[in-house]
Amino acid sequence: MNEHAQPTKSEPLFNPLAPEFIRDPYPFYDRLRATDPMHVTPFGIIVASRHSEVSLVLRDKRFGKDYVDRTVRRYGPQIMHEPAFRSMGHWMLQADPPDHARLRGLVVKAFTARRVEDMRPRIQQVVDETIDRIIDRGHMDLIEDFAFRLPVTIICDMLGIPEDHREVFHTGSRNGGRLLDPVPLSPAEIKAANDNTLNAEMYFKQLFDLRRRQPGDDLTTQLVQAEEDGSKLSNEELTANIILLFGAGHETTVNLIGNGLLALHRNPDQLALLKANPSLMTNAIEEFLRYDSSVQSTGRVALEDIDDLGGMRIPKGEMVLGLLGSANRDPSVYPDRPDQLDITRPNVKPLSFGGGIHFCLGAQLARIEAEVAITTLLRRLPDLKLDNAENPTWRPTFVLRGLTELPASW
Ligand code: HEM
């Protein structure tokens with residue numbers, strides 16, 4: 001735990017965009033779990049911080065996304081004309097049954113454990129090429145120069161984005177994120193989100209034309225064919241879900257690698273243990289996910305009146321935010337020093353990929369990408385040191401937790 005981040009009594013219990021919260025949310029979570037585990041924010045959102053309620057909300061069919069009604073309640077009916085919000089309304093991530101199963105069913109096969117395991121050699125190749133490119137420099141930003149390239153390249157492969165279109169994605173800025181935060185967006189942020197959505201729509205429409213003319217062994221081709229069938233997928237759903245796939249696996253995985261490397265370097269005993277025993281890597285990845293998850297929370301709406309959730313009555317239509325990062329450190333599930341990084345911890349089952357029907361489609365892909373990236377880095381740059389492990393800069397978003405940069409030298 002970071003000693004400079006202890007909350008004071010006068011601070012609001014949950015203020016997720018405050019700089020001290022962004023820097024180290026965990027003492028704030030401890031206080032929420034201990035004093036007000038079903039906290040109601042000034043915006044009227046119920047914040048669940050204990051593992052039991054977070055886990056239940058994710059899996060219980062009485063909760064859903066209720067995306068359109070929930071968004072209109074917060075911003076007013078005109079919001080659904082904004083391109084970014086309209087597009088998100090078609091994401092499987094925001095869909096309830098039965099649309100959810102239809103949308104997820106169209107792509108789920110590409111993400112099975114077996115299909116993803118087959119991608120391991122390609123993942124290894126991308127990581128090796130990334131290190132080859134910088135190894136003589138003696139210095140890099142682990143986020144920009146190392147972690148960023150891998151997930152972008154792999155999702156471009158999966159979507160069949162041609163090599164000569166990729167540079168714009170590789171150099172693109174990572175400015176998503178605020179869209180997911182539980183604090184309303186300003187008009188300027190809505191405009192920026194709209195611009196991003198419209199640009200992405202424009203690009204992917206060209207890609208759809210290309211894949212109609214030149215089908216490939218990729219997800220875009222599969223989805224374009226499902227759209228042509230007419231009954232399975234509308235054109236708007238096609239575009240929106242490609243944008244989702246492109247975005248969802250991207251910053252989250254960069255941040256798993258970045259947060260994991262930071263945690264390791266802040267705990268030199270664990271770093272030494274992992275270097276000496278690379279076979280601990282699979283468990284170490286689960287522990288990185290638990291210890292400092294790159295997704296900190298997700299929400300659900302009560303689809304009916306709920307008599308008792310953690311001692312609270314939840315009326316139909318109310319939003320419950322599940323703090324995944326807090327559940328991951330709940331001492332009732334992790335009784336042995338939950339605030340410590342312990343790569344040998346038994347039974348680590350973090351909620352970082354969610355649970356229930358929306359359980360992360362890319363979980364296995366993210367795990368393998370992080371495993372290959374961190375294993376290879378430790379092997380090929382064994383003397384690498386972080387320039388500023390104590391006070392790195394965090395991105396100013398809450399739901400997506402990650403570093404702006406992580407300079408390192410060797
Ligand atoms: C460390 C990396 C990742 C983390 C922590 C993460 C986390 C999550 C979480 C928490 C959810 C569920 C949200 C909810 O229940 O509301 C989710 C859903 C999803 N994730 Fe990931 N994710 C990661 C990587 C990926 C990757 C690599 C991909 C794909 C390339 C991906 C694609 C998706 C999709 C499509 C969904 C929506 C699934 C559905 O609604 O059925 N994610 N992810």
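By convention here, the first residue in the shown sequence is residue 1. As the structure lists them, so they are numbered: ligands from 1, and atoms in each ligand from 1. As the structure is a prediction and not an experimental result, all values here were calculated from the model.
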Q: Between Ala370, Ala248, Ala101, Gly260, which one has a non-hydrogen atom sitting closest to atom 32 (C) of ligand 1?
A: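 Of the listed residues, Ala248 has the closest heavy atom.
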Q: Would you kindly specify which portion of Met158 sits under 4.0 Å from ligand 1, judged on non-hydrogen atoms: side chain, backbone, both or neither?
A: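 It is neither part, as no heavy atom is under 4.0 Å.
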Q: Side chains of Tyr203 and His165: any donor to acceptor distance under 3.5 Å?
A: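 On atom types as modelled, these side chains qualify, holding a pair under 3.5 Å.
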Q: Between Phe111, Phe246, Phe353, Phe288, which one has a non-hydrogen atom sitting closest to atom 29 (C) of ligand 1?
A: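 That would be Phe111.
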Q: Return yes when His100 approaches ligand 1 closer than 4.0 angstrom through a heavy atom, no otherwise.
A: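 In this structure, His100 qualifies as a contact of ligand 1 - some heavy atom is under 4.0 Å.
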Q: Please compare Ala363, Cys360, Gly249, Gly322 and report which has the shortest non-hydrogen distance to atom 17 (C) of ligand 1.
A: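 Of the listed residues, Cys360 has the closest heavy atom.
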Q: Only heavy atoms of Thr253, strictly under 4.0 Å: list the atoms of ligand 1 that pass.
A: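 With Thr253 as reference, the close atoms of ligand 1 come out as 2 (C), 24 (C), 27 (C).
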Q: Where is the nearest protein heavy atom to atom 40 (O) of ligand 1: which residue, which atom, and how far?
A: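 Going atom by atom, the protein heavy atom closest to atom 40 (O) of ligand 1 ends up being His358 ND1, 2.6 Å.
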Q: Mark up the atoms of ligand 1 that fall under 4.0 Å of a heavy atom belonging to Leu256, in ascending order.
A: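 Near Leu256, meaning under 4.0 Å from one of its heavy atoms, ligand 1 has 1 (C).
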Q: Could you grab the distance from atom CD1 of Ile154 to atom CD1 of Ile123, nearest 0.5 Å is fine?
A: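 Taking CD1 in Ile154 and CD1 in Ile123, the distance rounds to 5.0 Å.
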Q: Grab the two heavy atoms, one from Lys232 and one from Ala226, that are nearest each other, plus how far apart they are.
A: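 The pair with the smallest heavy-atom distance is CB-O, 3.8 Å.
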Q: The test is ring pair (Phe, Tyr, Trp, His ring centres under 6.0 Å); show your working for Phe21 and Tyr29 and say whether it passes.
A: CA-CA 10 Å; Phe21 190 101; Tyr29 293 158; 5.7 Å; yes
Q: What about the rings of Phe28 and Phe14, do their centers lie closer together than 6.0 Å?
A: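 For Phe28 and Phe14, the ring centres are not under 6.0 Å apart.
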Q: Here's a test for you: under salt bridge (charged side-chain N to carboxylate O under 4.0 Å, His left out), which of Arg345, Lys349, Arg337 qualifies with Glu287?
A: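 It is Arg345, the one option of Arg345, Lys349, Arg337 that forms the salt bridge (charged side-chain N to carboxylate O under 4.0 Å, His left out) with Glu287.
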Q: Would you kindly say whether Asn328 and Ser352 are connected by a side-chain donor-acceptor distance under 3.5 Å?
A: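 Asn328 vs Ser352: donor-acceptor pair found between side chains.
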Q: Hey, which atoms in ligand 1 end up nearer than 4.0 Å to a heavy atom of Arg300?
A: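 So the answer, numbered in order with elements, is 14 (C), 15 (O), 16 (O).
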Q: When you measure from the heavy atoms of Ile357 to every atom of ligand 1, does any distance fall below 4.0 Å?
A: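 It does; at least one heavy atom falls under 4.0 Å.
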Q: Is there at least one pair of N or O atoms, one from Lys65 and one from ligand 1, spaced under 3.5 Å apart?
A: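 Yes - when backbone and side-chain N and O of Lys65 are compared with those of ligand 1, one distance drops under 3.5 Å.
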Q: Against heavy atoms of Arg104, which atoms of ligand 1 measure under 4.0 Å?
A: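 Every atom of ligand 1 under 4.0 Å from some heavy atom of Arg104: 38 (C), 39 (C), 41 (O).
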Q: Just checking, any donor-acceptor pair under 3.5 angstrom between side chains of Asn194 and Thr197?
A: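 Not at all, the side chains of Asn194 and Thr197 share no donor-acceptor pair under 3.5 Å.
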Q: One residue to check: Met92. Relative to ligand 1, which of side chain, backbone, both or neither has a non-hydrogen atom less than 4.0 Å away?
A: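 Answer for Met92: both.
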Q: Would you say ligand 1 has an N or O under 3.5 Å from any N or O of Thr298?
A: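 Yes.
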Q: Could you identify the single nearest non-hydrogen protein atom to atom 13 (C) of ligand 1 and state the distance to 0.1 Å?
A: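 So the nearest neighbour among protein heavy atoms is Leu93 CD1, 3.6 Å.
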Q: I need the contact type for His250 against ligand 1. Using non-hydrogen atoms and a strict under-4.0 Å cut-off, is it side chain, backbone, both or neither?
A: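 Contact part for His250 vs ligand 1: neither.
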Q: I'd like to check which ligand 1 atoms, numbered from 1 as shown, lie under 4.0 Å from a non-hydrogen atom of Ser294.
A: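 Close to Ser294: 1 (C), 5 (C).
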Q: Side chains of Gln124 and Asp128: donor-acceptor distance under 3.5 Å anywhere?
A: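 Present: a donor and an acceptor within the cut-off.
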Q: Could you check atom 34 (C) of ligand 1 against the protein and tell me its nearest heavy-atom contact, residue, atom and distance included?
A: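 Atom 34 (C) of ligand 1 sits closest to the protein heavy atom Leu361 CB, 3.8 Å.
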Q: Below 4.0 angstrom from a heavy atom of Ala366, which ligand 1 atoms are there? Numbered from 1 as shown, please.
A: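 Once the distances to Ala366 are compared, the set is 1 (C), 2 (C), 24 (C).
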Q: Is a donor from one side chain sitting under 3.5 angstrom from an acceptor on the other, for Ser409 and Asp387?
A: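 Yes - a donor-acceptor pair under 3.5 Å links their side chains.
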Q: Begin from the C-alpha positions of Arg329 and Gln340 and carry the test side chain to side chain donor-acceptor pair (under 3.5 Å) through to its verdict.
A: CA-CA 9 Å; Arg329 295 207 187 187; Gln340 283 291 309; over 6 Å; no
Q: Using a strict cut-off of 4.0 Å, indicate which atoms of ligand 1 neighbour a heavy atom of Ile155.
A: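 Listed by number with element: 30 (C).
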Q: If I apply the N/O under 3.5 Å rule, does Ser352 come out as touching ligand 1?
A: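 No, Ser352 has no N/O under 3.5 Å of an N/O on ligand 1.
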Q: To which protein heavy atom is atom 24 (C) of ligand 1 closest, and what is the distance rounded to 0.1 Å?
A: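 Of the protein heavy atoms, Thr252 OG1, 3.4 Å lies nearest.
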Q: Between Tyr75 and Phe85, is the ring centre distance below 6.0 Å?
A: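 They qualify: ring centres under 6.0 Å apart.
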Q: Does a donor on one side chain and an acceptor on the other come within less than 3.5 Å for Thr375 and Arg379?
A: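 Looking only at side-chain atoms, Arg379 and Thr375 do not form any donor-acceptor pair under 3.5 Å.
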